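Read the structure below first, then the notes.
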Amino acid sequence: MARILVTSALPYINGIKHLGNLVGSQLPADVYARYERARGNEVLFVCATDEHGTPAELAAAKTGEPVADYCARMWGVQKEIADGFRLSFDQFGRSSSPYNHRLTQHFAGRLAEAGLIEEVSEKQVYSNADGRFLPDRYIEGTCPNCGYDRARGDQCENCTKQLDPTDLINPRSAISGSTDLEVRETKHLYLRQSAMRDKLRDWIESKTDWPVLTTSIAKKWLDDGDGLQDRGITRDLDWGIPVRKGTEDWPGMEGKVFYVWFDAPIEYIGASGEWAEATGQTDAAWERWWRTDKGADDVRYVQFMGKDNVPFHTLSFPSTILGSGEPWKLVDYIKSFNYLNYDGGKFSTSQGRGVFMDQALAILPSDYWRWWLMSNVPETSDSNFTWEGFQAGVNKDLADVLGNFVSRVTKFARSRFEEKVPEGGAYGAAEEALIAELETRVRAYEGYMEAIELRKGAQELRAIWAAGNEYLQAAAPWAAFKTEPERAAAIVRLSLNLVRLYAVLSRPFIPDASKAMLATFGLETAGWPGSVAEALGALKPGQAFTTPEVLFAKITDEAREGFAAQFAGTA
RNA sequence: GGGCCUGUAGCUCAACGGUCAGAGCAGAGCGCUCAUAACGCUUUGGUUGGGGGUUCGAAUCCCUCCGGGCCUACCA
């Protein structure tokens, strides 16, 4: 039995995520985790909210809540939505957890001892009105290059010129609009990633089976310009993990916190700690997933994320892990994704354009979303959500091919026999051909899932469903029943077994429907098929079943038009 | 500006130097009647963005042009 550690990029705390966020990390991670569990492997699947940073503070200020309360509340909201999408996290933690505090401070201490932390004094813009230092992009002003009056301190969106906040003419705070700004000197810690460059490069170059997207982004950062740059890992903020060197104070760094991107990946480990605690286990339980000296050397660690997260997972976090000099588990495979667009454009939080996770669940069952998103997951390039495509995909694949198959089989069986798996008759050439085809397809499906080629996996699964309809059409039990009822009984017996098999195979993608299909036979779970022939004999004659309600109601044209109007956004 | 990815049938995608470039959807025809007017079979449709080159052979490698997207480092 293999042991597989799965992490999904952490969703940021400041609001409900849209489908583009879901499709790029949490959902594919869940499908993969479910698949590996179904194969009988031991899986630890963790995720958490990413709670620190300026945007969280601003979002809290906007609602008038203390930031800690705001995060606690939003964690609850995100957790509930994750449950609604059936994301099967073993732990959905919080980057603000005590575990993460301890671990982050611990790693910083180790890195400092290893000489990989540098203290740098730098000048940053401070806003007296806001009472805080402002990140570059929170300063607005007139671009010295093109005259655009809403240029940001890091870059002018109009002429794309890279800027320094001090370049701006008439700079003001993007938060309050205040022009009462001053440049103050402040000290920060830098992670000396540059010192890790060769080690990182060797490691990344050894990963020849990683998605091109992952390695090309990593290499770009390694080699761009002067090579990998050191990264500041502290900020002048109130909300965050206080800077400490392990368990000791860090002189000169009082009142500062670690930068979110330093502590967020560490929360993968933190969440595992939270999991052990929540399940009443000792530290050894999570350490055997994370410490190669404590049992983790046979763990395969797979990360899922959108392409924007790749630099942090290929460079920064590995620098932290490797630089610690301790035997922490390093990632084995990084699955990265492109973006999902909404009807030709970007999903937009500010313009309310596109579908957000809570809205999606409010209008249609999670399986619909899970299926469409995964069968169109942006693996090789950006993909596009349209209501027409969504309606067509869901109706055809789920309602017509799979749902209707279950429906026609169970209803025919009930009307010609009774609500029991019929006995009598023998399997012949048609059944052997079907079994041979399914044997090939199931093994192909396993291959795709193992390789985390989810789009192809979905495609193969669909072909497996379709094979049932083809078989049924050719075997024509309704015709056989008139002349040779025994033959019809054999066909129905096999077909009912197909429903059970489909439930098992489909579970990673559409867990609710899978559950409903199994419930038809009074089953809660069912094991992954070894040989297809054997699996199709699992339901014995006499086994009772209930004819299920329509598994997937179709999305009507009227409904689709309504959704399209509802989510068009304000722009 | 630099880098990366991408451009294949009306649409969404496969094929990653080698049999007539495949599949799903959409379209057309036929069949079936168990089923959510569902299913099955057959079929129309592509000089693989343009041009040039390497090769016995190129969608696949190289050059170039055109189009689309992303990244470019203290937002996360």
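Note that this is a predicted model, so its numbers are computed, not measured. Numbers restart at 1 for each chain; the letters A, B, ... are given by sequence-line order, proteins then strands. In what follows, every heavy atom counts, from backbone to side chain, and hydrogens, waters and symmetry copies are set aside.
- Going from atom CG of A:L461 over to atom P of B:A14 covers 18 Å, rounded to whole Å.
- Taking the six-membered ring for Trp, A:Y190 and A:Y259 have ring centres at least 6.0 Å apart.
- A:K256 and A:T186 are linked by a side-chain donor-acceptor pair at a separation below 3.5 angstrom, with hydrogens and angles left out of the test.
- The side chain of A:S375 contributes no N or O atom lying less than 4.0 Å from OP1 or OP2 of B:C25.
- What separates CH2 of A:W371 from P of B:C25 is a distance of 12 Å, to the nearest Å.
- Straight-line distance between the P atoms of B:A38 and B:G50: roughly 38 Å, to the nearest whole Å.
- Of all non-hydrogen atoms in A:L168 and A:G141, the two that sit nearest each other are CD1-N, 3.8 Å.
- Helical stems in RNA chain B, defined as runs of 3 or more consecutive Watson-Crick or G-U wobble pairs with both donor-acceptor distances under 3.5 Å, are listed by first residue as B:1-7 with B:66-72, B:10-13 with B:22-25, B:27-31 with B:39-43, B:49-53 with B:61-65.
- Side-chain polar atoms of A:D557 and A:Q391 form a donor-acceptor pair below 3.5 angstrom.
- Within 4.0 Å (heavy atoms only), A:N14 reaches no atom of the nucleic acid at all.
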Audit row: A:L472, A:I491, side-chain contact (heavy atoms from CB on, under 4.5 Å) steps and yes/no: CA-CA 8 Å; A:L472 214 54; A:I491 295 167; 4.2 Å; yes
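- Nucleotides B:A26 and B:A37 have their P atoms positioned 15 Å apart, rounded to a whole Å.
- Within the 4.5 Å cutoff, the side chain of A:I217 has heavy atoms near those of the A:P311 side chain.
- The separation of B:C11 from B:G49, taken at their P atoms, amounts to 13 Å, rounded to a whole angstrom.
- For the C1' atoms, the distance from B:C41 to B:A59 is 30 Å, rounded to whole Å.
- As rounded to whole Å, 14 Å separates atom P of B:G40 from atom CH2 of A:W465.
- Between the side chains of A:S95 and A:N100, no donor-acceptor pair is found at a separation under 3.5 Å.
- Rounded to whole Å, the distance from CD on A:Q391 to C1' on B:A26 is 13 Å.
- Here A:K219 lies out of heavy-atom contact (under 4.0 Å) with every strand.
- Rounded to whole Å, the distance from CH2 on A:W372 to C1' on B:C25 is 13 Å.
- Salt bridge A:E431/A:R487: present, at least one basic N to carboxylate O contact under 4.0 Å.
- The separation of B:C70 from B:G51, taken at their P atoms, amounts to 28 Å, rounded to a whole angstrom.
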Verdict with supporting geometry, A:F481 and A:F417, ring pair (Phe, Tyr, Trp, His ring centres under 6.0 Å): CA-CA 10 Å; A:F481 185 78; A:F417 299 93; 5.5 Å; yes
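- Nucleotides B:G22 and B:U48, compared at atom C1', are 12 Å apart to the nearest Å.
- To the nearest angstrom, C1' of B:G3 lies 13 Å from CG of A:L213.
- Rounding to whole angstrom units, CG of residue A:D397 and C1' of B:C13 are separated by 13 Å.
- Side-chain atoms of A:E419 and A:T546 include no donor-acceptor pair closer than 3.5 Å.
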Summary of protein contacts for nucleotides 30-39 of chain B, nucleotide by nucleotide, where a base hit scores B, a sugar-phosphate-only hit scores S (4.0 Å, heavy atoms): -BSSBBB-SB
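- A salt bridge is absent between A:K219 and A:E205: the closest approach of a Lys/Arg side-chain nitrogen to an acidic carboxylate oxygen does not fall below 4.0 angstrom.
- Aromatic ring centres of A:F385 and A:H18 lie farther apart than the 6.0 Å criterion allows.
- A distance of about 10 Å separates the C1' atoms of B:U8 and B:A15, rounded to the whole Å.
- Of the P atoms belonging to B:U43 and B:G7, the separation is 28 Å, rounded to the nearest Å.
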Annotated protein contacts, base or backbone, on nucleotides 70-76 of chain B with a non-hydrogen cut-off under 4.0 Å, one of B, S, - each: SSSBBBB
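- The separation between A:E388 atom CD and B:G24 atom C1' is 18 Å, rounded to whole Å.
- Annotation: A:F317 is not in aromatic contact with A:F312 [ring centroid separation under 6.0 Å not met].
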